[in-house]
Amino acid sequence: QVQLVESGGGLVQPGGSLALSCAASGRIFRLNALGWYRRGPGKQRELVARITREGDTTYADSVKGRFNISGDINKKVVYLQMNALKPEDTAVYYCYARCIRWDVLSREDDYWGQGTQVTVSS
């Protein structure tokens with residue numbers, strides 16, 4: 001299996017900053033992407049930011065210019081620096097990995113962490 005362990009999150013006032021981190025482990029043969037998704041109250045899960053093995057990054061339009069994703073695919077870690085937070089950023093944030101496992105070399109699968117709560121409120 002593949003395990004994703006997240007840390008960070010919590011309560012912050014509007015305009016504040018928070019940082020999330022995630023470490024992947026397990027039967028990973030090839031890690032192709034790491035990233036973050038979120039699910040806000042009453043909303044569907046959405047991509048926040050993603051970084052690929054090639055170093056390409058993707059951001060949701062709603063977080064561009066405020067959030068920054070970084071990481072090291074070889075070390076299997078990913079970080080999300082969140083600045084200028086808004087109440088609408090309140091959500092459970094999930095670490096995400098797309099990889100090929102040693103025991104299932106024939107395909108690529110997506111894996112998710114348990115999630116960490118981010119609450120932006122005064």
Val2 and Cys99: which non-hydrogen atoms are nearest, and at how many Å? CG2-SG, 3.9 Å

Would you say Ile69 ends up clustered with Leu85 if hydrophobic residues are merged whenever their side chains have heavy atoms under 4.5 Å apart, either directly or through other cluster members? yes

Please confirm whether Arg45 makes a cation-pi placement over Trp112, using NZ or CZ under 6.0 Å from the six-membered ring centre and within 45° of the ring normal. yes

Trace of the side-chain contact (heavy atoms from CB on, under 4.5 Å) decision for Gln1 with Arg101: CA-CA 8 Å; Gln1 290 291 350; Arg101 284 170 36 179; 3.6 Å; yes

Please step through side-chain contact (heavy atoms from CB on, under 4.5 Å) for the pair Leu34 and Arg50, ending with a clear verdict. CA-CA 6 Å; Leu34 285 168; Arg50 179 176 59 211; over 6 Å; no

Of the options Trp36, Tyr111, Tyr37, which is the one that meets Tyr96 in a ring-ring contact (aromatic ring centres under 6.0 Å, His included)? Tyr37

Tell me, do [X] and [Y] make a side-chain contact under 4.5 Å, heavy atoms counted?
| X | Y | answer |
| --- | --- | --- |
| Thr52 | Thr58 | no |
| Tyr93 | Val48 | yes |
| Val63 | Arg38 | yes |
| Asn68 | Leu80 | no |
| Lys76 | Leu4 | no |
| Val118 | Thr90 | no |
| Pro14 | Pro87 | yes |

Partner residues of Cys95 under the disulfide bond (SG atoms under 2.5 Å apart) criterion, sequence neighbours left out: Cys22

Give, for atom CG of Asn32 and atom CD1 of Ile51, the distance between the pair rounded to the nearest 0.5 Å. 13.0 Å

Interatomic distance, CD1@Ile28 vs CD1@Ile100, rounded to 0.5 Å, equals 11.5 Å

Derivation and outcome, side-chain contact (heavy atoms from CB on, under 4.5 Å), residues Met82 and Arg66: CA-CA 6 Å; Met82 303 182 291; Arg66 300 188 297 122; over 6 Å; no

Around Gln114, counting heavy atoms of other residues, nucleotides and ligands shown, do more than 12 lie under 6.0 Å from its CD? no

Using a strict threshold of under 4.0 Å (side-chain N to carboxylate O), is an ion pair present between Asp61 and Lys64? yes

Just checking, is any N or O donor in the side chain of Gln117 or Thr119 under 3.5 Å from an acceptor N or O on the other one? yes

Test: ring-ring contact (aromatic ring centres under 6.0 Å, His included). Region: residues 45-70. Which pairs qualify, not counting sequence neighbours? none

Backbone of [Y] reached by a side-chain donor or acceptor of [X] within 3.5 Å:
| X | Y | value |
| --- | --- | --- |
| Thr116 | Glu6 | no |
| Arg53 | Leu31 | yes |
| Ser21 | Tyr79 | no |

All side-chain hydrogen bond (donor to acceptor under 3.5 Å, both in side chains) counterparts of Asp56, not counting sequence neighbours: none

